[in-house]
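To start, the structure itself, in structure tokens.
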Amino acid sequence: MTMKHSGARKLQQVTNFYSSFDQLNGVHPWMEAVKDGFVSYKVRELQTGKVAYFNFILAKEMGLIPSDHPHQMTDDLQEKLIETFSLQIINEYDELTHRRIDPDTIRPHEYMATRYLQLQHSNKQGKTSGDGRGIWNGTVYHRGTTWDVSSRGTGVTCLAPGAVAAQKPLKTGGTEFGYGCGLAEIDELLGASILAEVMHLQGVRTERVLCVIDLGKGYGIGVRAAQNLIRPAHLFLYLKQERLDNLKSATDYLIDRQVMNKAWDIKSKGSAKYDEMLHEVSKAFGEFTALLDTDYIFAWLDWDGDNVLADAGIIDYGSVRQFGIRHDKYRYDDVERFSTNLNEQKQKARLIVQVFAQMVDYLKTKKKKPLREFAHHPAVQNFNKVFDNKRAERLLYRMGFNETQRSHILAKDGLFARFDKEYSFFERCKVSGNTEKVADGVNHPALYNMRTIMRDYPKFLQDSPLPFEKRWMTENNFFKTVLSGFAKNRDARMGEKQRRHIENFQALYRELVQTAAGKNKPEHILKGISDRAEKLNSEKRITGNALIEMVEEIITEKKKGLSMEQIQKIIDKLVFEQNGMPEIPTGRFYKELQQTPAVKMDLYARLLSLVEEHKESI
């Protein structure tokens, strides 16, 4: 056999081994379903870049690589990833200036940048907005499930806020107009790859990062994947524009995808299916928002349905934060406007459900009614009910009670409500003073750290040698335990008001334990509660500020020669630290992270120290 034939055979083997990536060729069913729902672009292969991160676990779930593929990058896999994802659009500026592009690098299919509603655009009907720096790579089908895949950082589109403000085509990479560069910064992409997988492991519905391509000079391409990347905003623009046919096509597409993926159980045909969809949406957003509230996750929800998935999940990690304590006065500074805050997420999510109710009515009656008429719609009322139930369930879960114990507590009329009143007193207190400017916005820090008392109090009850009815933590110890690091000197003085709430909190907590025990003695369930609470309120929880500094450390080491392999291992190990939350399935492929070999331990130790340093931060 000649060397030429041997090389050809090797290329054919590699092509077949990673042929699943060939599905991602720019063709997407949205292009047929909603013909006015996107702007199409020719795309060229950059034929450059290096893989900075690859989510092996996600790739196996999607069937893109074999389930027994080693958890390490190979030359052949990297070559395939660069070929598939290192792309840039040929935009209006390129066409206008007759940019010279090697025709051999141009992909055969055009890729789409989708249209959707965005509040930062002056046009509030979605006529100018959508994917400003991203394209959709296509879909992947595996074992009865369809996945969406899209990339950001692939060039500036005509839907970018900067391009609209400039009123002219923009060159990719230009910085004259805000949100008009078309590129993505590598630190943003690496941060999203960590936080998205952490959210997934905590049971939060979310997009996930499949791959990050490092293009050099601080920029890269981030590839996201989810079983459905459609946002409410993809539908709402047609509602605002009163384009019934397009709205029906987009909504039918969403329903069909969700039913096909067995995410929604919708059996009706005709207009009745929209009512069933509305019920699914109402339930999903109620549960999702309650989880954000109890877990202190800020995701900038607003009525346009832009920064959220249509099935209620996180998308766009640029402004997402996981707080260490309840910083519910934090607002993200987005240059021209401030974001909503954690307290407002419930009302904004409820408003999204209200818009969905208006949309369904429009689909059924062909007449658009004012939004205010749907303020008390049954779907909105259901959202409120689901939110309250899920919040109670999630808070008790965070406290360490198992499913049976939670059901006992919630079955006792009024018990949780009385405890929640005392819990909320501490959780929502703020340090003395006013709102202050922080690195990326404004905040008024929380005075108390409820995660510490949820972790330490059941352990105190468990370790005490006294009979259960006499196990009381002293007021001073309780106060010191719950006080956050943001407290000022004047905040650290305990008054009569605090003493009263400490006494009530302990009495009601003990009643929760007694009720949870059922026919057992309270002492018999304390160890289980304590063990769960310690894991669920770990100080290893990665906050937003910690993540920013961790990524900065990784990039600094990368510039000194840290390899992609080491970056991959560090990210995997950081993610694995968030693994193993009780009752939340993680999937069989996460077991592979247990065998992750040692990383650059001095850097890893520094990253963990940053987590500790920022455990209470935004």
Side-chain angles (χ1 to χ4, degrees), residues 202-203 287 290-291 293-296 325-326 388-427 448-483 494 498-541 579-586:
Q202 292 182 8
E287 292 178 346
L291 193 151
D293 189 81
T294 53
D295 288 22
Y296 309 151
I325 52 182
R326 193 179 180 88
D388 290 342
N389 292 341
K390 182 64 176 182
R391 182 181 169 277
E393 174 83 13
R394 185 72 176 187
L395 179 55
L396 292 172
Y397 167 78
R398 279 281 176 192
M399 292 172 67
F401 295 105
N402 65 30
E403 185 175 3
T404 300
Q405 293 161 357
R406 297 194 299 269
S407 66
H408 288 163
I409 292 170
L410 294 174
K412 187 170 183 178
D413 188 39
L415 174 57
F416 176 80
R418 286 185 288 122
F419 172 79
D420 188 37
K421 183 178 180 180
E422 297 300 326
Y423 179 90
S424 296
F425 165 79
F426 289 105
E427 184 187 43
Y448 300 115
N449 184 340
M450 297 309 291
R451 296 177 66 82
T452 58
I453 202 66
M454 285 198 291
R455 183 184 65 242
D456 294 353
Y457 194 69
K459 183 168 175 49
F460 161 78
L461 291 178
Q462 177 195 349
D463 293 344
S464 174
L466 298 174
F468 181 76
E469 63 274 10
K470 295 183 178 181
R471 298 178 187 181
W472 290 81
M473 185 180 283
T474 66
E475 293 168 343
N476 284 335
N477 283 344
F478 187 103
F479 192 66
K480 289 178 182 177
T481 299
V482 80
L483 205 62
M494 181 172 50
Q498 286 78 19
R499 295 179 191 278
R500 185 174 66 254
H501 282 288
I502 289 172
E503 180 180 356
N504 291 343
F505 182 98
Q506 292 197 72
L508 286 164
Y509 188 103
R510 292 149 54 79
E511 189 174 347
L512 291 179
V513 174
Q514 289 173 319
T515 304
K519 296 180 179 180
N520 298 316
K521 292 184 177 180
E523 296 91 332
H524 293 170
I525 67 170
L526 283 174
K527 185 181 186 309
I529 295 172
S530 180
D531 289 346
R532 287 167 59 92
E534 184 175 12
K535 178 171 287 190
L536 289 163
N537 299 285
S538 169
E539 294 185 348
K540 294 179 181 179
R541 191 170 192 254
N579 196 5
M581 290 180 67
E583 300 177 32
I584 296 179
T586 56

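- Side chains of Glu403 and Tyr397 form no contact here, defined as non-hydrogen atoms less than 4.5 Å apart.
- Arg418 has no carboxylate O lying under 4.0 Å from a charged side-chain N of Asp413, or vice versa, which leaves the two without a salt bridge.
- With a 6.0 Å radius and a threshold of 12 heavy atoms from other residues, nucleotides or ligands, Glu534 has its CD atom at or below the threshold.
- A cation-pi geometry, defined here as NZ or CZ lying under 6.0 Å from the six-membered ring centre and within 45° of its normal, does not hold between Arg471 and Phe460.
- Side-chain contact check for Gln462 and Tyr457: no donor-acceptor pair (N or O, by modelled atom type) lies under 3.5 Å.
- Smallest separation of non-hydrogen atoms from Ser530 and Pro458: CA-CB, 4.0 Å.
- With salt bridges taken as basic N to acidic carboxylate O contacts below 4.0 Å, one links Arg391 and Asp420.
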message: Under the criterion side-chain contact (heavy atoms from CB on, under 4.5 Å), I'd like the reasoning laid out for Tyr423 against Met454: C-alpha separation, chi angles, the key distance, then a yes or no.
response: CA-CA 10 Å; Tyr423 179 90; Met454 285 198 291; 3.6 Å; yes
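- Checked for salt-bridge contact, Arg406 and Glu583 meet the test: a charged N lies under 4.0 Å from a carboxylate O.
- Distance alone, capped at 3.5 Å, is enough to place a donor-acceptor pair between the Thr474 side chain and the Asn477 backbone.
- Between Arg532 and Asn402, the shortest heavy-atom contact is NH2-CA, 3.5 Å.
- Between Met399 and Tyr509 the shortest side-chain heavy-atom distance falls below 4.5 Å.
- Between Arg451 and Glu539 there is no salt bridge, since no side-chain nitrogen of the basic residue lies less than 4.0 Å from a carboxylate oxygen of the acidic one.
- For the pair Ser538 (side chain) and Lys535 (backbone), a donor-acceptor distance under 3.5 Å is absent.
- Proximity of a side-chain donor or acceptor of Arg455 to a complementary backbone N or O of Asn537 within less than 3.5 Å is detected.
- Between the side chain of Gln506 and the backbone N or O of Met473, at least one donor-acceptor pair lies under 3.5 Å.
- With values rounded to the nearest 0.5 angstrom, Leu483 atom CG is found 11.0 Å from Ile453 atom CD1.
- Residues Asp295 and Arg398 approach most closely at OD2-NH2, 2.8 Å, considering heavy atoms.
- Between Met494 and Glu475, the closest heavy-atom pair is SD-O, 3.9 Å.
- In this structure the side chain of Phe479 reaches within 4.5 angstrom of the side chain of Tyr448, judged on heavy atoms.
- For the pair Asp531 and Lys527, the salt-bridge criterion is met [side-chain N within less than 4.0 Å of a carboxylate O].
- What you find for Thr515 and Ile409 is that their closest heavy atoms are CG2-CA, 4.0 Å.
- Here Glu511 pairs with Lys412 in a salt bridge; the nearest charged N to carboxylate O distance falls below 4.0 Å.
- Judged by distance alone, the side chain of Ser407 and the main-chain N or O of Thr404 form a donor-acceptor pair under 3.5 Å.
- Between Thr481 and Thr452, the shortest heavy-atom distance links the atoms O-OG1, 2.8 Å.
- Taking the six-membered ring for Trp and the full ring otherwise, the centers of Phe425 and Phe505 sit at least 6.0 Å from each other.
- Distance check, rounded to the nearest 0.5 Å: CG of Leu396 to CD1 of Ile529 gives 10.0 Å.
- Met450 has its side chain within reach of Phe426: a pair of non-hydrogen atoms, C-beta onward, lies under 4.5 Å apart.
- In this structure, CD in Glu427 is found 10.5 Å from CG in Asn449, a value given to the nearest 0.5 Å.
- Atom-to-atom distance recorded for Leu536:CG and Arg394:CZ is 8.0 Å, nearest 0.5 angstrom.
- Considering Val513, Asn520, Ile525 in turn, Ile525 is the only one that fulfils the side chain to side chain contact (heavy atoms under 4.5 Å, CB included) rule with Gln405.
- Under a 3.5 Å cut-off, the side chain of Arg326 and the backbone N or O of Asp293 do form a donor-acceptor pair.
- Atom CZ of residue Arg541 and atom OH of residue Tyr296 lie 8.5 Å apart, to the nearest 0.5 angstrom.
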